[in-house]
Amino acid sequence: MRRVLKAAVETGVVTRPYPFVPSEVPPGFRGRPRIDFDNCIGCGACASACPPNAITIEEGDGFRRISLFLGRCNFCARCEEVCPVKAVKMTGEFELSSNNKEDLCQILELKMVRCSVCGRFFATERELKRAKEELEKKGIRVEEIVMCPECRERASANLESLARR
Amino acid sequence: MDRRSIWIFHLNTGSCNGCDIEILDVLTPFHDVERLGAKLVGSPRHADVMLVTGPVTVKTAEAVRRAYEAVPHPKAVVAIGSCACSGGIFYDSYSTKGGVDNVIPVDIYVPGCPPRPEAIIHALAVMKGIAEMKVRREAYRE
Amino acid sequence: MRGQSYSFLEVDPEFLRKYVKELVDSGARFSTSVAVDERPINSCFSHSYILFLRDRGYIVVTAKLPSDRAGHDTLTDIVPGVEWAEREAMELLGIKIRGLPKRRRLILPENWPNNVHPLRKDFDYNYRPVEKAEIEVEGLPIGPYHPALHEPESFRLYVKGEEIVDAEYVGFLVHRGVEKVAEGRLTYNQIPFIAERICGICGFIHSTLYCNAVERAAGIDVPERAKWIRSFMLELERIHSHLLLVGVVCHLAGFDTGFMHAWRLREEFMRLAERISGNRKTYGMNLVGGVRRDLDNIAALDFLKDSRRRIDEYVNMLMENRLLIKRCEGIGVLGRQDARKICVVGPVARASGVDIDVRRDSPYEAYGELSFRVPVHMEGDVLSRVIVRLEEIRESISMLEQIADRMPKGPIMAEVREIPPLVRSLAAGEAPRGEDIHFLVTGRDNKIYRWRVRAPSYNNIPALPLMLRGNLIADAPLIIGSIDPCFSCTDRCVVLRDGRKYKLEEVVGRRS
């Protein structure tokens, strides 16, 4: 009994007065993920890496729609790890209670580009712009023909067969 | 509401226990939710608020419904953790119902995997009116 | 130091019993059995029995069962501990095991349709069959949500007056279909995250062993520093899990002060984990080939010296407390012979005189280079299970200090190229609750073919009826809590024939 009382007296009060004072998080804390609209190129790497499919991609009306649903997020930070342009960041926010599931969504809609041969939408404008910038940085000149991967494959197959003759 | 106490019944519908130990952590000296007037009770009949964790496995769905019906009015349900909000990483498994709101109505959602004890205290503070909800829907179009 | 050794043997179904019997007679310990639907590859089902023999390592004996005759005789007469694994093979894969006693369903709900087996390859992971009818909830209206409960599980106790005569576990309420979701939807690098959520208390060992199984199958060389970082997080997890349990046992014994102090001590370790990994639990640090984050704030570990003193003070406070000792001594005894027959693992086994510890017997990650003691006691009661865990906490703190002093420098992630398809692999480790086994068959297109997780509580829970016999009802929650059952690990994926002499009482076990 003596030891129990001694332990109680020595320990004292350890309670933190949250929520009346804010609570800090350590650096590197994996809080809420947020996509920065200005930098996102809509490539979808985050959606393929996300284990619970909290980030989903849909296409329609010439727009690519990226939805991040916090209700299914498991805060693993794989999206932050695989994003090629560092648009997804894990913030320090952890006070995410809400009475409406709609409030837990972040939606981005990015314009898409049509293929000049078959006419279907195949990539976002920003994806193409970035691809061009990256190639030009390496000193490769890029022509302005916009083609979807299937049409491009067909076109290069035709060129090869022409070259062989 | 902020002068009244909240009696909590904790229900585990098949979770991995991460959220459950954070709920228990909220009772321990560092976070001490009893200063907000909340305490864990043993029976749904004594409770005001039900804290639910887990993605509701098919084996527990019926028992969850019965526990919800046993709580007397006025009542509230708080879904703690991403599994309770929407099924989490198990959202489309053959053995789960995909979130608590597929079985009983939910009042507050607390995402997290597991949510910090402070996040759970924040949810209870929101119910009492001491704190505000901070997260909002964000939509951008180019 | 001893290394790991895994051997895979294939036998004809008629000789399965003979081989397993020979191994058991020469002292092998049965771990678990795994059934795989290999019909798309070779029109067979396969059933593999995993055993461990000192000085030979892990031995996997596999029988291939042609799909039109998928069945064999049970092995429960050789090793009683195989019963759950065989029932799982019957329910989830439809393999007919002849000779098993007829009981209610173990894993799937009662209203699941017949002949629909979720782990077969022709069953989609997200298909939800129409339920037959309402489940009849038997017994008292307290259901599995008894006031004292923190996990959904129920034990049916058969009593004679105040004394328990027998018990049955009615569970698998936490079965979420982890193995099937991983087969059906997830890629290699997404599975460590679902593995970590098999259990919120011992999740990191599950993700580490999964990564080990893939790395062994693909021949990936994990860098040394990554192995030491993984061992550090594993020991941190062990400390937090044991402190959690000691607190729970105090609470169940009526000593709430002990519960509060244990969880107060545990809080520092949770904060350390948050600083290192970004979250208090579900560290999310493992990927196939290494770890994602480095351990750079080693300076923050000065508190380890202080924490050893604090934990020693706490242990002295507990051991001086006569209330706790009286309630725990001599209760829930599991004898050594019984412990061997049921194949219990972990602190439950070590408290009953069975000297096993995977970290020493088959070292993985950096354990081959660390020095530690394995505490073993002979009494087999609740008190010795608690004491074994308290001694392990001390050993773990010493291991954390050794790792912090001697961790090598270097890269933390290996380059992962092609993972060969259809390779069988096994990884075993020591979770806080005992031996954890992951059996893996790799697949094509960045997905796996089969994954089986056998968590330690799977082997420990069947020992409960033996432990509960002869004790009073009031001690039942304490005994059930003392084996530290983790139902979410067990279920990932007591009704005796009504003896008219006995009174049926349903008391639900408590685990918090």
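In the text below, chain A, chain B and the rest are named by the order of the sequence lines, each starting its count at 1. Below, all heavy atoms of this structure are taken into account, side chains as well, without hydrogens, waters or symmetry copies.
Counting heavy-atom pairs closer than 4.5 Å to chain A, the top-ranked of the candidates R136(B), K134(B), E138(B) is E138(B). Looking only at heavy-atom pairs under 4.5 Å with chain A, the residue among I120(B), D101(B), L124(B) that has the most is D101(B). Ranked by non-hydrogen atom pairs under 4.5 Å with chain A, the options R141(B), M133(B), H31(B) are led by R141(B). Among I66(A), L68(A), N74(A), the residue making the largest number of heavy-atom pairs under 4.5 Å with chain B is N74(A). Between chain A and the residues S82(B), G81(B), C85(B), the largest count of heavy-atom pairs under 4.5 Å involves S82(B).
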Give the table of side-chain donor-acceptor pairs shorter than 3.5 Å for residues 52-63 of chain A, with sequence neighbours excluded, one pair per line with atom names and distance.
{"residue": "N53(A)", "atom": "ND2", "partner": "Y91(B)", "partner atom": "OH", "Å": "2.9"}
{"residue": "E59(A)", "atom": "OE2", "partner": "R64(A)", "partner atom": "NE", "Å": "3.1"}
{"residue": "E59(A)", "atom": "OE2", "partner": "R64(A)", "partner atom": "NH2", "Å": "3.1"}

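Within 6.0 Å of CD on E24(A) lie no more than 12 heavy atoms contributed by other residues, nucleotides or ligands. No more than 12 heavy-atom neighbours from other residues, nucleotides or ligands sit within 6.0 angstrom of CZ on R45(B).
Atoms OG1 and CG, from T53(B) and N17(B) in turn, are 8.0 Å apart once rounded to the nearest 0.5 Å.
In this structure the side chain of E142(B) never reaches within 4.5 angstrom of the side chain of E109(A), judged on heavy atoms. In this structure, the side chains of P115(B) and C19(B) come closer than 4.5 Å at one or more pairs of heavy atoms.
The main-chain N or O of A63(B) is never found under 3.5 Å from a side-chain atom of T60(B) such that the two would form a donor-acceptor pair.
Both the backbone and the side chain of C105(A) have a heavy atom closer than 4.5 Å to some heavy atom of chain B. In this structure, no portion of A131(B) lies under 4.5 Å from any heavy atom of chain A.
Residues from residues 25-37 of chain A that place a non-hydrogen atom less than 4.5 Å from a non-hydrogen atom of chain B comprise V25(A), P26(A), F29(A), R32(A), R34(A), F37(A), given in numerical order.
Here E69(B) does not pair with R65(B) in a salt bridge; the nearest charged N to carboxylate O distance is not below 4.0 Å. R137(B) and E102(A) are joined by a salt bridge, as a carboxylate oxygen and a charged side-chain nitrogen come within less than 4.0 angstrom of each other.
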